[in-house]
2 protein chains.
Amino acid sequence: MKATILLAHGSSDANWCAPFFELEKSLLQSVSNSHNVKLAFMELSSPSIADAVAELSAKGCSNIEILPLFFAAGRHLREDVPKMLAEIEQTYKEQNTPLTLELKPPIGQSQAMVDALKNTIENAL
Amino acid sequence: MKATILLAHGSSDANWCAPFFELEKSLLQSVSNSHNVKLAFMELSSPSIADAVAELSAKGCSNIEILPLFFAAGRHLREDVPKMLAEIEQTYKEQNTPLTLELKPPIGQSQAMVDALKNTIENAL
């Protein structure tokens, strides 16, 4: 089964996290049942990436894409997150339930999002 | 003259900042000359909000909107940034060059951006 983790930065502030849970809820209503989508936070908030992977693995998902809900890729996405993903993969390998975690480019850098951002700002000016 | 500061979080990582400078450049080519648009960073990167305000004020702008390039409003946008803006306003008031800085909601929470994000994720799934 295909699975995607939507990865947000995370914050100790629940107000910051709320829109991401809204987005997850909205997406769960529109995607097919055969595709598992799960929100996770890199730090400070729950569920963590490891929590989300555990839930998806328990459902039988072993190919999981990580789609970062970030505007841009900095050190977090180039260093911290790849390290976290490698550690999680290693854990599952040692448990004889191997899985692959594929980190995608940040959503904010997709052409559709760059265009939408530009249009929205132009309209706001 | 109208002026808008596009406010990004900022990062010590130049790779993270680069797409925001690209966005600023692209917007400067599409908006009218009578509307000043300037990128600024909340922390860790230059120009700061104070730098951007100084440049816009020198051009004669005294009504400046601050448009946060954030997905969601957490403590930064509810506490830190309003405090920064109030301090800057106070400084200009004391210099007898008063100006108003209006903080707008985060761009990521505009309906157009929420819709674009949802569509882009659905296409990426």
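The chains referred to below are lettered A, B, ... by the order of the sequence lines, with proteins before strands, and numbering in each begins at 1. The figures that follow rest on heavy atoms only: side chains count, while hydrogens, waters and symmetry mates do not. Since the model is a prediction, treat every value here as computed from it, not as a measurement.
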According to a 4.5 Å side-chain heavy-atom criterion applied to Ile, Leu, Val, Met, Phe, Trp and Tyr, with indirect links allowed, do B/I66 and B/L39 form part of one hydrophobic cluster?
-> no

Applying the 4.5 Å side-chain criterion to the ILVMFWY set and letting contacts propagate, would B/V37 and B/V53 be lumped into a single cluster?
-> no

Nearest heavy-atom approach of A/M42 to A/M84 is O-CE, 3.6 Å

Hey, what do you get for CD (B/Q90) to CD (B/Q95), rounding to the nearest 0.5 Å?
-> 10.5 Å

Within one Ile-Leu-Val-Met-Phe-Trp-Tyr cluster: B/I64 and B/L85, side-chain cutoff 4.5 Å | yes

Most contacts with chain B, counted as non-hydrogen pairs under 4.5 angstrom, among A/H76, A/R78, A/K2 | A/R78

How about B/F41 and B/S48: do any of their side-chain heavy atoms sit closer than 4.5 Å?
-> no

Residues in residues 97-125 of chain A near chain B [non-hydrogen atoms, under 4.5 Å] | A/I107, A/Q109, A/S110, A/A112, A/M113, A/A116, A/L117, A/K118, A/T120, A/I121, A/E122, A/A124, A/L125

Distance (rounded to the nearest 0.5 Å) between B/E65 CD and B/L7 CG = 13.0 Å

For chain A, which residues from residues 8-23 of chain B lie under 4.5 Å away (heavy-atom distances)?
-> B/S12, B/D13, B/N15, B/W16, B/P19, B/F20, B/L23

Rounded to the nearest 0.5 Å, what's the gap from CG on A/D51 to CD1 on A/I88? Could you check?
-> 9.0 Å

Proximity breakdown for B/L77 and chain A, heavy-atom pairs closer than 4.5 Å = neither

Might you point out which heavy atoms bring B/Y92 and B/S57 nearest each other, and give the distance in Å?
-> CE2-OG, 3.5 Å

With hydrophobic residues grouped by side-chain heavy-atom distances under 4.5 Å, do A/L6 and B/F71 end up in a single group?
-> yes

Shared ILVMFWY cluster between B/L67 and B/I49, side chains joined below 4.5 angstrom?
-> no

Picking from B/A72, B/A3, B/A73, which has the most non-hydrogen pairs under 4.5 angstrom with chain A?
-> B/A72

